[in-house]
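All values reported here derive from a predicted model rather than from experimental measurement. No hydrogens, no waters, no symmetry mates; every other heavy atom, side chains included, goes into these values. Positions are given from 1 along the sequence.
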Amino acid sequence: MNNDRKLVAVVVGLGLVTLSACGSSSGSGGSGGSGDSRSVTLVSHDSWAVSKSVLADFEKRSGYKVHVLKDGDAGQAVNKAILTKDNPQGDVFFGVDNTLLSRALDNGLFQPYEAKGSDQILPEYRVDQARHRVTPIDSGDICVNYDKAYFSKHKLAPPTSFDDLVKPAYKNLLVTENAATSSPGLGFLLGTAARYGDAGWQGYWKKLKANGVKVVDGWEQAYNEEFSGSAGGKKAKGDRPLVVSYASSPPAEVIYADPKPKTAPTGTSYGTCFRQIEYAGLLSNARNTKGGKALIDFLLTKEFQEDMPLNMFVYPVRKGARTPAEFQKYGQPARNPERMAPARIAENRDQWVKSWTSLVLK
């Protein structure tokens with residue numbers, strides 16, 4: 001599964017601006033575990049990012065040197081961490097989300113640790129309260145985005161719900177990602193399963209297929225090539241004005257544009273959103289548990305939580321943590337996103353993806 005959620009980046013000017021390039025971390029190569037008690041290793045997916053000044057401040061205050069080992073997309077990184085859990089590559093793992101959480105917990109990837117500041121986590125993000133094996137760090141909403149110019153030109157109201165997407169007015173307008181190979185693709189599938197239930201989601205996808213939904217492998221192709229509303233899609237002459245992306249995509253279109261537009265060229269259909277949550281945990285056989293605990297505490301500080309949005313295009317989970325003005329204006333999180341318990345995802349994910357593949361791709 002691709003870690004497309006963190007690729008909420010846009011093609012602007014001459015090149016692709018990826019979120020992992022927005023911030024940097026000290027020592028992007030891993031240390032193979034933190035044998036040195038004054039160093040601590042964070043294992044994550046490729047799109048981990050933090051401002052240099054914020055990380056340097058933690059290193060100065062804590063006395064720990066942070067090494068970061070980027071280990072592929074989220075699915076790859078989780079699977080590798082499970083395979084190496086007896087002799088882990090680092091001390092802390094960041095980036096397992098609610099679609100994969102049960103796999104990590106069932107395989108004993110993490111040891112208990114109740115982070116300092118965990119009482120400041122918004123209640124809706126708290127999980128595993130009895131054992132504290134993971135700490136919520138950020139959230140994101142997978143949602144349909146729309147090209148404002150297209151809908152204005154055609155005097156058509158953008159869709160606002162899952163139900164709208166199967167209406168004749170939106171035939172051949174939507175592009176989504178493969179649920180078997182893409183994180184937002186899977187999230188969109190889970191959103192429909194949450195919305196329509198076990199008995200209804202397949203019927204919904206039959207209607208969506210009949211209404212001309214286009215499926216591509218990953219987010220980058222969908223958003224930067226097929227979607228007419230993105231900077232990259234315009235250059236690629238994309239012809240789909242609806243795309244499965246994120247509620248944080250519209251502010252990215254503003255932030256990375258040169259010159260910056262007065263308003264975001266894309267919008268979010270908030271009735272199509274599914275909530276993703278990312279967690280960090282202290283690896284079961286971490287060499288530097290003390291440093292690992294300090295690092296997890298750092299990820300919950302207001303300083304780090306407020307640094308995340310412009311580096312990884314996600315939302316804080318800490319009470320009172322502010323988001324940038326561009327997020328407040330163009331990329332508010334969904335008020336009532338579809339949600340699903342990790343246990344239900346674990347129980348059904350593989351079979352849902354298999355059924356979806358047979359139904360939609362064949």
Side-chain angles (χ1 to χ4, degrees), residues 23 25-27 30-31 33-45 48-69 78 81 85 88-98 101 104-105 108-140 276-312 314-323 333 342:
S25 46
S26 176
S31 63
S34 301
D36 178 1
S37 63
R38 302 316 301 167
S39 68
V40 60
T41 298
L42 176 76
V43 183
S44 188
H45 44 60
W48 156 266
V50 61
S51 296
K52 287 183 179 180
S53 60
V54 171
L55 189 61
D57 187 49
F58 165 72
E59 291 181 327
K60 182 178 180 181
R61 285 187 288 105
S62 69
Y64 292 108
K65 182 72 172 178
V66 178
H67 299 275
V68 179
L69 176 60
V78 170
K85 67 179 181 179
Q89 297 175 290
D91 305 299
V92 173
F93 186 94
F94 165 79
V96 59
D97 68 28
N98 51 321
L101 180 60
L105 297 182
L109 188 58
F110 303 114
Q111 59 179 292
Y113 175 60
E114 185 173 4
K116 293 178 182 177
S118 58
D119 59 329
Q120 295 301 306
I121 297 171
L122 292 164
E124 62 263 34
Y125 298 121
R126 299 176 188 176
V127 296
D128 196 41
Q129 288 294 286
R131 299 177 66 180
H132 299 288
R133 289 168 293 179
V134 291
T135 301
I137 303 298
D138 67 69
S139 71
Q276 273 189 318
I277 305 163
E278 268 192 318
Y279 306 89
L282 184 65
L283 289 165
S284 288
N285 292 290
R287 289 180 176 86
N288 187 355
T289 56
K290 187 176 180 181
K293 290 175 180 179
L295 182 56
I296 293 174
D297 293 345
F298 162 65
L299 299 181
L300 273 185
T301 61
K302 193 173 182 181
E303 183 181 21
F304 180 82
Q305 290 280 303
E306 292 185 345
D307 185 63
M308 286 191 308
L310 291 180
N311 280 307
M312 296 192 283
V314 290
Y315 303 108
V317 298
R318 183 185 172 101
K319 296 175 184 176
R322 295 172 298 177
T323 54

(message) Does K319 have more than 12 heavy atoms from other residues, nucleotides or ligands lying within 6.0 Å of its NZ?
(response) yes
(request) In sequence, state the C-alpha distance, the side-chain angles, and the governing distance for H45 and E278, and then conclude on side chain to side chain donor-acceptor pair (under 3.5 Å). (result) CA-CA 11 Å; H45 44 60; E278 268 192 318; 2.8 Å; yes
(message) Going by the rule side-chain contact (heavy atoms from CB on, under 4.5 Å), which residues pair with P309 if we only count those two or more places apart in sequence or in a different chain?
(response) P316, T323, P324, F327
(request) Tell me, please, which residues at least two apart from T135 pass side-chain contact (heavy atoms from CB on, under 4.5 Å). (result) A115, I121, I137, I296, L300
(message) Do the side chains of E303 and R318 get close enough for a salt bridge, i.e. N-O under 4.0 angstrom?
(response) no
(message) Check R61 with D57, please: is the shortest side-chain N to carboxylate O separation under 4.0 Å?
(response)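 Between R61 and D57 there is a salt bridge, with a charged N closer than 4.0 Å to a carboxylate O.
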(message) Under the rule for side chain to side chain donor-acceptor pair (under 3.5 Å), what residues qualify as partners of R133, not counting sequence neighbours?
(response)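 Counting only residues at least two positions away or on another chain, R133 forms a side chain to side chain donor-acceptor pair (under 3.5 Å) with D128.
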(request) Measure the spacing between NE2 of H132 and OG of S118 and express it to the nearest 0.5 Å. (result) 6.5 Å
(message) Among residues at least two apart in sequence or on other chains, which ones pass salt bridge (charged side-chain N to carboxylate O under 4.0 Å, His left out) with R126?
(response)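 Partners of R126 by the salt bridge (charged side-chain N to carboxylate O under 4.0 Å, His left out) criterion come out as none, since no residue qualifies.
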(request) List for me each residue that meets salt bridge (charged side-chain N to carboxylate O under 4.0 Å, His left out) alongside E124, sequence neighbours excluded, and say none if there are none. (result) none
(request) Establish, from distance only, whether the side-chain atoms of S51 and N311 form a donor-acceptor pair under 3.5 Å. (result) yes
(message) As a test of understanding, state which of V78, V134, L282, T41 forms a side chain to side chain contact (heavy atoms under 4.5 Å, CB included) with F93.
(response) V78
Hey, does [Y] have a side-chain heavy atom less than 4.5 Å from the side chain of [X]?
X	Y	answer
K65	E59	yes
F94	V68	no
K85	S284	no
D91	T289	no
Y64	N288	yes
F298	L55	yes
L295	L42	yes

Please name the pair of heavy atoms, one in [X] and one in [Y], separated by the smallest distance, quoted to 0.1 Å.
X	Y	answer
E306	G320	OE2-O, 4.0 Å
Q305	V317	OE1-N, 2.8 Å
A294	F58	O-CE1, 3.6 Å

(request) Test side-chain contact (heavy atoms from CB on, under 4.5 Å) on L283 and L109 and set out the steps. (result) CA-CA 6 Å; L283 289 165; L109 188 58; 3.7 Å; yes
(message) Taking ring-ring contact (aromatic ring centres under 6.0 Å, His included) as the definition, give me every residue that meets it alongside F110, ordered by chain and number, with sequence neighbours left out.
(response)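 Scan of F110 (ring-ring contact (aromatic ring centres under 6.0 Å, His included), adjacent residues dropped) gives none.
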(request) Determine, step by step, whether Y125 and N98 satisfy the side chain to side chain donor-acceptor pair (under 3.5 Å) criterion, reporting the C-alpha distance in whole Å, the side-chain angles of both residues, the deciding distance to 0.1 Å, and the verdict. (result) CA-CA 10 Å; Y125 298 121; N98 51 321; over 6 Å; no
(message) For the aromatic rings, using the six-membered ring if either is Trp, is the centroid distance between F304 and W48 under 6.0 Å?
(response)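 Yes, the ring of F304 comes within the 6.0 Å limit of the ring of W48, centre to centre.
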(request) Evaluate side-chain contact (heavy atoms from CB on, under 4.5 Å) for V127 paired with Y279, printing each intermediate quantity in order. (result) CA-CA 10 Å; V127 296; Y279 306 89; 3.5 Å; yes
(request) Keeping the roles fixed (side chain from R38, backbone from G291), state whether a donor-acceptor pair exists under 3.5 Å. (result)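 It does not hold such a pair.
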